[in-house]
Structure formats: C-alpha cells, structure tokens
Amino acid sequence: MVETDLVDHAKQAFAWATASATNFFLALALVFAAVHVVPFLARASHITVPGPLLAKFSDIWLLRQAMKGKRFETVHELHKKHGKFVRIAPNHVSIADPTVLNNVYGHGQGTLKPEYYDAFVPPKPAVRGLFNTRDRHEHSRKRKIVSHTFAPKSILAFEPFIRREVQVLLERWDEFCATAKKENTPGPRGLMGRAWIDCLEWMNYFAFDTIGDLAFGTTFGMLEKGYDEAKVEFEDDNGNKTSTTCSAIKIINERGEYSATLGLAPVWIRPYLAMLPWFSQRLASVKKLSGIALARVNDRLENGSERDDLLAKLQSAKDDRGENMGKMELTAEALTQLIAGSDTTSNSSCAIIYHLCTHPRAMKKLQVELDRELKHSEEVPLHDDVQELPYLQAVLSESLRFHSTSSLGLPRSVPAGGFTLAGKFFPEGSVVSVPAYTIHRDKSVFGADADEYNPDRWLAQGARQKFEKAFVPFSVGPRACVGRNVAMQELSLLIAALIRRYDIELKYPDEKLDTVEGFLRKPTVCWVGIKRRE
Ligand code: HEM
C-alpha cells in the first residue's frame with residue numbers, strides 16, 4: 001500500500017516536473033520570439049543582407065565573436081565570402097566599402113554613436129567623457145573644450161615631455177644591452193650579445209608614462225621601475241577615500257574587453273550579463289580604472305601644479321556658458337585621455353617594430369634614412385627633424401594600415417528618415433559600421449598586394465591622396481581621434497629613436513604576431529633581442 005502511494009507520488013511529481021519544464025521552455029521560446037523573431041520580421045525590408053543565420057535573429061552571434069577576441073577576422077572572412085554587405089547582428093550591417101565612410105562617419109550626416117557606447121560609461125561615477133558621450137549637443141560642447149587642449153600650440157608644448165620619456169626608455173634599453181654584451185652567455189637574456197625583452201611590455205610602459213605625464217602631470221614610473229603599477233583611489237558618497245595599487249595595463253585591457261562585448265547585448269539584458277563570471281571579473285577592472293583617474297585628479301586639486309599639461313588645460317577650459325568643468329566631469333575627461341591615449345599608442349608601436357623585424361629590407365631602408373637625415377640630431381630627435389622624413393612616415397602609415405589597432409567597424413546609428421548606402425536603404429535606427437581591418441585591405445585602393453606589408457606603396461606619386469579615402473586608423477568626421485597629432489608625434493619620435501639606435505630581431509621569427517581584440521586589437525606578446533648598432 002505504502003509502496004503504491006510512493007509510486008503515485010513519484011508519477012505525480014514527474015508529471016508536474018515535465019509540465020513545468022514544458023512551460024519553462026515554452027516561455028523561453030515566447031521570450032525568444034518576442035525579442036528576436038518579431039523584430040526580425042518587422043525588418044523584413046532588409047532581410048536580404050547575407051550573414052550568419054544566428055546573427056539575423058540574435059545579438060548572441062556577435063557577442064560570441066567579441067568574447068573570442070577575433071571579431072575583426074571573422075567579419076573580414078564573411079566579407080570575403082558575401083561581399084560588401086554582411087549582417088553581423090539583427091539590427092547591425094557591416095559595410096566593407098570605403099565610399100560610404102563619409103556617409104557613416106562624416107560631418108553633417110546625422111549619424112550618432114549607438115547604445116553600444118553606453119557600456120563604456122563607468123558604473124560609478126557614471127559620468128560620460130568625450131569618447132562615450134552620445135548626445136550631439138553634449139558632444140559638441142565637450143569637443144570644443146577638449147580640442148582646445150590639442151591645438152597646434154598646445155601640442156608643441158607636449159614635445160619635451162614625450163622626448164624625455166623616449167630618453168628614459170633608451171637609457172633602460174642601453175642598460176640591458178650593456179649587461180647582455182658583458183655576459184654574452186647563452187640564455188634567454190644574454191644570448192649572442194643581445195638583451196631579450198618583451199617589446200610590448202616596454203611599449204606599454206612608455207605609452208602609459210607618457211600619457212600619465214601629459215594628462216596628469218606625473219608619470220606612473222613604469223619605465224624606471226620596469227613593471228606595471230598605478231595608484232588607485234576610491235571615494236564613497238561621503239567623500240571618504242581609500243587607496244591601493246593595481247596593474248594599469250591589465251585593467252585597461254580587461255576594461256576594453258568588458259565594454260566592447262557588453263555593449264553588443266541589448267540594454268535590458270546587460271545588468272544580468274554583467275553578473276556572469278567572464279564579465280564580473282572584468283567589471284572590477286572598470287571600477288579600478290576610474291579610481292586611477294580619481295587619484296590623479298584629487299592629487300592635482302589638492303596640491304595644485306605649475307605645469308602647463310593636459311589636465312591644467314582641461315581645468316582652465318571654459319564651455320560656451322563660460323563655465324569650467326566640475327570635478328566629476330574633469331575626472332571623466334582625464335580618464336578618457338588615459339584610456340584613449342595609452343594602449344592605442346603602445347599597440348601601434350609594438351606592431352610597427354614587429355613588422356619592421358619581419359621585413360628586414362624595410363628596416364634597413366629606414367635605418368639608412370635615419371642615419372643620413374639625423375646625423376646632427378640628438379639621441380632623441382626633435383619632432384621637426386622627423387615629421388617629414390618620407391620613409392619613416394611611410395613606415396608609420398603602412399603599419400597603421402596593416403595593423404590598425406582600431407580594427408572593428410565603429411558602429412553608428414542611422415538618423416531619422418533613414419538613408420541609402422551603396423545602393424541599399426537603411427531605415428532609421430539601424431546600426432551600420434565600416435570595418436577598418438577590411439577596408440585597409442581593399443585591393444581597388446591599396447593595390448593587388450594590399451594583403452602584404454609594404455611601406456614603399458606610400459612613396460609612389462599621388463599614393464597618399466589615393467589611399468586617404470580608405471585609410472582610417474584614427475576614424476574620420478566629428479568623432480575622429482582628437483589626439484591624432486599627439487599620437488603621430490609620439491610614434492615618430494619613438495620609432496625614429498629606437499630604430500636608429502638598436503639592432504632589433506624577433507626571438508621567434510616564424511611566429512605571427514598574436515593579437516586579441518577587445519575594443520582595440522592588441523598584440524599579446526612580442527619577444528625581441530636588442531643590441532646597440534655599431
Ligand atoms: C596610435 C594612436 C591612436 C589611435 C590609432 C587612435 C584611434 C582613435 C579612433 C579610431 C577613435 C574613434 C573611436 C570611436 O569612434 O569609437 C579615437 C577617438 C578618440 N581618441 Fe584616439 N587614437 C590614438 C591616440 C590617441 C591619443 C594619444 C589621445 C589623447 C591623448 C586620443 C584621444 C582620443 C579621444 C578623446 C577620442 C574620442 C573623440 C570623440 O569622440 O570626439 N587618441 N581614437
């Protein structure tokens with residue numbers, strides 16, 4: 001009798017569980033249909049755009065690509081397969097056609113940064129900086145203030161700071177070379193009279209110290225210490241402060257991965273996604289990053305400074321109403337400079353060195369030019385000495401083309417009324433992007449050898465004018481890089497000084513430069529052997 005009861009109970013429980021599971025999956029299917037299929041059918045006007053099947057229905061496809069860190073490559077392969085239009089998310093079409101760059105990013109086109117950029121706003125204090133401000137008027141106001149700090153006269157004032165950091169880097173590398181030459185024993189550090197170092201690490205120390213010096217009035221001291229460390233400060237709602245130290249380079253990488261991935265999910269789901277371990281680990285970095293800027297701004301506000309640096313210029317700048325920025329806005333802008341001006345430069349300089357090492361003819365040609373033209377220059381040349389050196393500038397352009405650290409298509413939303421791009425109509429609210437990695441390899445612009453690294457292509461008559469229309473390492477239009485001139489100054493001084501002074505070779509010459517993409521495409525490591533040139 002008892003046994004029969006037990007069996008009945010078990011049967012009932014099983015039937016209940018089956019019904020619950022069925023209801024659950026039914027509910028899930030309904031949610032999926034509501035979130036993905038209905039909007040998909042509503043957009044039936046442009047379902048003809050090819051792309052992965054899942055990407056037509058769900059943002060999950062693009063989110064997965066972003067999490068894998070190779071989005072630029074996957075999208076590039078899809079363009080090779082399908083042509084200029086590829087749907088990469090239900091509401092997002094990638095357009096690999098340089099002729100639409102002006103429509104998508106140019107002045108007066110009405111396109112705006114979409115909700116993707118909300119994921120780049122730190123959680124606390126949730127104040128937007130120039131980069132992640134989406135509102136047009138708010139952006140114009142900020143851009144006016146910030147571009148004043150990047151005016152040609154201001155940039156001239158930055159040169160001594162940049163040159164000093166290059167000098168410190170040379171001193172550190174000289175020390176390594178001297179030790180390696182003395183020891184000259186087989187082993188990872190002294191083999192064949194070379195010092196073996198991870199060039200990415202040193203490019204990071206240089207870029208972080210330089211932007212720290214420019215934006216906050218003091219470096220992080222990474223070049224001197226030989227490791228990555230920054231002070232972080234947290235402030236609670238009552239203004240109580242706590243401080244600690246952290247690895248700035250690591251957290252900037254994780255912050256990029258967090259924001260560039262989370263931003264691809266619909267807004268309503270982001271708080272839930274942020275709880276997953278992959279995101280929550282990185283969220284800790286996002287918070288620490290704001291703490292670095294806060295520590296520096298607090299220090300400046302409390303102790304003042306005589307220096308005429310970026311932070312001083314931001315402090316004194318006034319908006320249209322004649323008002324200065326408040327502390328939180330100032331911190332957000334300082335943070336923006338730190339993020340935008342650090343690993344962009346280090347990833348690019350590491351890639352330049354890697355490509356010169358894998359192209360010894362280009363390396364030799366550059367050294368011949370530098371030896372000839374900088375005969376009377378100091379160890380670290382002046383910007384005037386290098387900014388027009390044809391081969392150096394060709395190397396920089398070709399490297400920024402071939403390894404654009406901003407490789408993915410920067411998304412923009414289509415304005416009211418929609419518009420037609422390359423013959424296809426895009427309704428209001430659609431998201432479109434032009435993938436930099438792919439258009440930098442457009443054979444109709446860069447030639448049949450566009451997949452090859454070749455600085456010489458930039459030396460041909462009329463080449464620069466021809467290439468400019470598809471060359472977007474700094475993007476174009478009102479949201480283009482405001483720090484472009486500083487970046488080019490840094491790269492010109494750094495690369496000229498290093499390549500003139502050192503004989504550099506790769507430790508693993510047959511290995512490709514491995515990269516991982518968050519918002520930027522970054523090399524993961526680059527071991528090189530260096531020695532002073534005879
Ligand atoms: C090789 C170095 C650099 C590269 C390749 C680069 C590239 C870019 C790109 C592609 C954008 C557009 C991003 C978007 O639309 O989402 C951008 C924006 C920006 N960059 Fe750079 N950048 C570099 C260095 C710098 C430096 C040194 C600074 C400042 C010191 C800087 C400050 C900014 C700021 C503030 C923005 C946002 C502009 C706005 O939205 O109005 N960048 N950069």
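Order of appearance sets the numbers: ligands from 1, and atoms from 1 within every ligand. Numbering of residues begins at 1 and proceeds along the displayed sequence.
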Exercise. What number of protein N, O or S atoms occur at distances under 2.8 Å from atom 21 (Fe) of ligand 1?
Worked result: 1
For this session: Please check if any side-chain donor atom of T219 sits under 3.5 Å from a side-chain acceptor atom of D213, or the reverse.
Result: no
Exercise. Considering only protein heavy atoms, which is closest to atom 38 (C) of ligand 1, and at what distance to one decimal place?
Worked result: R143 NH1, 3.5 Å
For this session: Any atoms of ligand 1 less than 4.0 Å from a non-hydrogen atom of S406? List them with their elements.
Result: 10 (C)
For this session: Please state which part of T405 comes within less than 4.0 Å of ligand 1, counting heavy atoms only: side chain, backbone, both or neither.
Result: side chain
Problem set entry | Any residue meeting side chain to side chain contact (heavy atoms under 4.5 Å, CB included) with S316, in chain and number order, not counting sequence neighbours | none
Problem set entry | Geometric class of the F216/F220 ring pair [parallel <30°, tilted 30-60°, perpendicular >60°] | perpendicular
Seminar exercise, completed: When distances are taken from atom 13 (C) of ligand 1, the protein heavy atom at minimum range is F131 CE1, 3.8 Å
For this session: Would you please determine whether R134 falls within less than 4.0 Å of ligand 1 on a heavy-atom basis?
Result: no
Problem set entry | Closest protein heavy atom to atom 40 (O) of ligand 1, given as residue, atom name and distance to 0.1 Å | R479 NE, 3.0 Å
Exercise. With a 6.0 Å cut-off on ring centres, are F471 and H440 close enough?
Worked result: yes
For this session: Would you mind running through ligand 1 and noting each atom that sits below 4.0 Å from a heavy atom of I211?
Result: 30 (C)
For this session: Could you tell me if the ring centre of Y354 sits under 6.0 Å from that of W527?
Result: no
Seminar exercise, completed: Here the atoms of ligand 1 under 4.0 Å from any heavy atom belonging to P473 are 5 (C), 7 (C), 10 (C)
For this session: Using non-hydrogen atoms of the residue, decide whether V146 is closer than 4.0 angstrom to ligand 1.
Result: no
Problem set entry | SB check D97 K424 (cutoff 4.0 Å) | no
For this session: Distance to 0.1 Å, residue and atom name: give those for the protein heavy atom nearest to atom 29 (C) of ligand 1.
Result: Q337 OE1, 3.4 Å
Exercise. Should R134 and E115 count as an ion pair when the cut-off is N to O under 4.0 Å?
Worked result: no
For this session: Establish, yes or no, whether a centroid distance under 6.0 Å links the rings of F131 and F519.
Result: yes
Exercise. Taking atom CD of E323 as the centre, does the number of heavy atoms from other residues, nucleotides or ligands within less than 6.0 Å exceed 12?
Worked result: yes
Exercise. Heavy-atom contact under 4.0 Å between M488 and ligand 1?
Worked result: no
Exercise. Hey, is NZ on K250 packed in by over 12 heavy atoms from elsewhere, all under 6.0 Å?
Worked result: no
Exercise. Is the closest basic N to carboxylate O distance between D451 and K443 below 4.0 Å?
Worked result: yes
Problem set entry | Residue F519 vicinity, atoms of ligand 1 by number, heavy atom under 4.0 Å | 16 (O)
For this session: Heavy-atom contacts with H139 under 4.0 Å: which atoms of ligand 1 show up? List them by number with element.
Result: 39 (C), 40 (O), 41 (O)
Seminar exercise, completed: protein heavy-atom neighbour closest to atom 1 (C) of ligand 1 works out as S348 OG, 3.5 Å
For this session: Specify whether Y453 and H359 have parallel, tilted or perpendicular ring planes, treating 30° as the upper limit for parallel and 60° as the lower limit for perpendicular.
Result: tilted
Problem set entry | Residues, nucleotides or ligands: over 12 heavy atoms within 6.0 Å of R141 CZ | yes
Exercise. Is K522 salt-bridged to E517, going by a charged N under 4.0 Å from an acidic O?
Worked result: no
For this session: Can you figure out which of Y116, F120, Y117 has its heavy atom closest to atom 16 (O) of ligand 1?
Result: Y117
Problem set entry | ligand 1 contacted by A480 (non-hydrogen, < 4.0 Å) | yes
For this session: Flag the pair R300 and D309 as a salt bridge only when some basic side-chain nitrogen lies within less than 4.0 angstrom of an acidic carboxylate oxygen.
Result: yes
Exercise. For ligand 1, is any non-hydrogen atom under 4.0 Å from R412's backbone (N, CA, C, O), its side chain (CB onward), both, or neither?
Worked result: side chain
Exercise. Parallel, tilted or perpendicular: which describes the rings of F467 and W458, with under 30° parallel and over 60° perpendicular?
Worked result: perpendicular
Exercise. Under a 4.0 Å heavy-atom limit, does V472 contact ligand 1 with its side chain, its backbone, both, or neither?
Worked result: neither
Problem set entry | Residue part near ligand 1, for F158, under 4.0 Å between non-hydrogen atoms | neither
Exercise. Does ligand 1 have an atom that lies less than 4.0 angstrom from a heavy atom of F150?
Worked result: yes
For this session: Please verify whether a non-hydrogen atom of K142 lies at under 4.0 Å from ligand 1.
Result: no
